[in-house]
Amino acid sequence: MAPKRLIVAITGASGTIYGVRMLEVLRDLGVETHLVVSPSGHLTRGYETELSKKQLEGLADVVYRPTDIAAAISSGSFITEGMVIAPCSMRTLAEIANGVSTSLVSRAADVILKERRRLSTANPRMAATIAQQETDAAAIRGLQLYGTTELLQAEAAESARATFAAAFPAVGIAPAPIWAFTPSEAKLVDNRLGFGHKELWPAS
């Protein structure tokens, strides 16, 4: 029987420890890991961990250079269970979303999607907007929120689901994962105070 293989990519976003722990857990589970770390990923590793480049790469079974577009993981004929990018930078996420492949990380992710395998990108950052639909640009006003998300589990998820279902009963028809959004800053946009007027409120 062929071993289970998983591609693990580490990019320059904060949270190198997520990729490190992923490699450690997969090693304990006996899953063959194929690692690619972007140049920015190694820079962040140096800031956030005490691991050397050699120690990080030693956690994987196979390591690829991020510029090696001809690597095995860039081909759909190389069978894997899927790919995890942890952490996933916004640049990498944008490349994947738009089908742009400038490195082995985005190329491998593109192949995973083409082959309909599983792709997981770990980036908790999120933006949200609360605004009323206006037909007059001079009347536009609303809030832009920036922060992080977290998938709620067990009791926290059930509590949040019950609160949401009280306001929107239809949510009980098709249960879905419940996420918590924690804003780090808010921006007020109000064109009534002057076109393009903005006020930034950092989280206390």
Side-chain angles (χ1 to χ4, degrees), residues 5-23 26 33-49 53 56-57 60 63-76 78 80-131 140 142-152 176-189 196 198 200-203:
R5 299 169 175 156
L6 192 71
I7 303 169
V8 177
I10 296 176
T11 64
S14 180
T16 304
I17 190 62
Y18 295 128
V20 172
R21 287 293 296 135
M22 176 67 67
L23 290 169
L26 291 172
T33 51
H34 293 251
L35 175 67
V36 54
V37 183
S38 72
S40 296
H42 276 303
L43 282 175
T44 305
R45 167 193 53 76
Y47 288 125
E48 295 187 345
T49 77
K53 180 175 183 285
L56 173 60
E57 294 179 344
V63 179
Y64 303 91
R65 290 179 290 108
T67 55
D68 187 6
I69 302 298
I73 59 175
S74 68
S75 172
F78 186 75
T80 68
E81 298 296 313
M83 180 176 184
V84 175
I85 308 176
C88 180
S89 68
M90 293 306 295
R91 172 176 175 169
T92 301
L93 191 60
E95 286 189 6
I96 296 169
N98 290 281
V100 178
S101 299
T102 64
S103 70
L104 182 57
V105 175
S106 50
R107 168 60 183 170
D110 184 57
V111 170
I112 290 295
L113 293 175
K114 175 177 68 72
E115 297 297 326
R116 298 182 181 276
R117 296 172 189 153
R118 296 178 181 178
L119 173 65
S120 175
T121 57
N123 189 315
R125 287 176 288 182
M126 181 180 177
T129 300
I130 302 173
I140 293 176
L143 281 177
Q144 295 177 340
L145 305 170
Y146 306 92
T148 57
T149 57
E150 177 186 4
L151 180 63
L152 297 181
I178 300 293
W179 293 79
F181 175 62
T182 304
S184 57
E185 63 180 55
K187 184 191 296 181
L188 169 69
V189 178
K198 296 181 176 68
L200 183 62
W201 302 328

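Scanning for side chain to side chain contact (heavy atoms under 4.5 Å, CB included) contacts around Lys187 gives Gln144, Tyr146, Val189, Lys198, Leu200, with sequence neighbours left out. For Lys53, the side chain to side chain donor-acceptor pair (under 3.5 Å) criterion is met by Glu57, not counting sequence neighbours. By the side chain to side chain donor-acceptor pair (under 3.5 Å) test, Thr67 pairs with Arg65, sequence neighbours left out. The side chain to side chain donor-acceptor pair (under 3.5 Å) test applied to His42 returns Arg45, not counting sequence neighbours.
Atom OG1 in Thr11 sits 12.0 Å away from atom CG in Leu43 (nearest 0.5 Å). The structure places CG of Leu143 at 6.0 Å from CG of Leu188, a figure rounded to the nearest 0.5 Å.
Ile10 places none of its side-chain heavy atoms less than 4.5 Å from the side chain of Thr44. Proximity of Ile7 to Val84: side-chain heavy atoms (C-beta onward) are nowhere separated by under 4.5 Å.
Ser38 and Gly12 get closest at one heavy-atom pair: OG-N, 3.7 Å. The shortest heavy-atom contact between Ala180 and Leu152 is CB-CD2, 3.8 Å. Nearest heavy-atom pair across Met22 and Val8 is CG-CG2, 4.2 Å. Among all heavy-atom pairs drawn from Pro66 and Val36, the shortest one is CA-CG2, 3.7 Å. Residues Pro87 and Gly15 approach most closely at CD-O, 3.4 Å, considering heavy atoms.
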**OP:** Could you check Leu104 against Ser74 for side-chain contact (heavy atoms from CB on, under 4.5 Å), going step by step and ending with a plain yes or no?
**Re:** CA-CA 7 Å; Leu104 182 57; Ser74 68; 3.9 Å; yes

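Under a 3.5 Å cut-off, the side chain of Arg107 and the backbone N or O of Ile69 do not form any donor-acceptor pair.
Under the side chain to side chain donor-acceptor pair (under 3.5 Å) criterion, the residue pairs touching residues 84-94 are Ser89-Thr92, Arg91-Glu95, with sequence neighbours excluded.
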Result block: side-chain N/O donor-acceptor pairs under 3.5 angstrom for residues 108-122, not counting sequence neighbours:
{"residue": "Arg117", "atom": "NH1", "partner": "Phe78", "partner atom": "O", "Å": "3.1"}
{"residue": "Arg117", "atom": "NH2", "partner": "Gly76", "partner atom": "O", "Å": "2.9"}

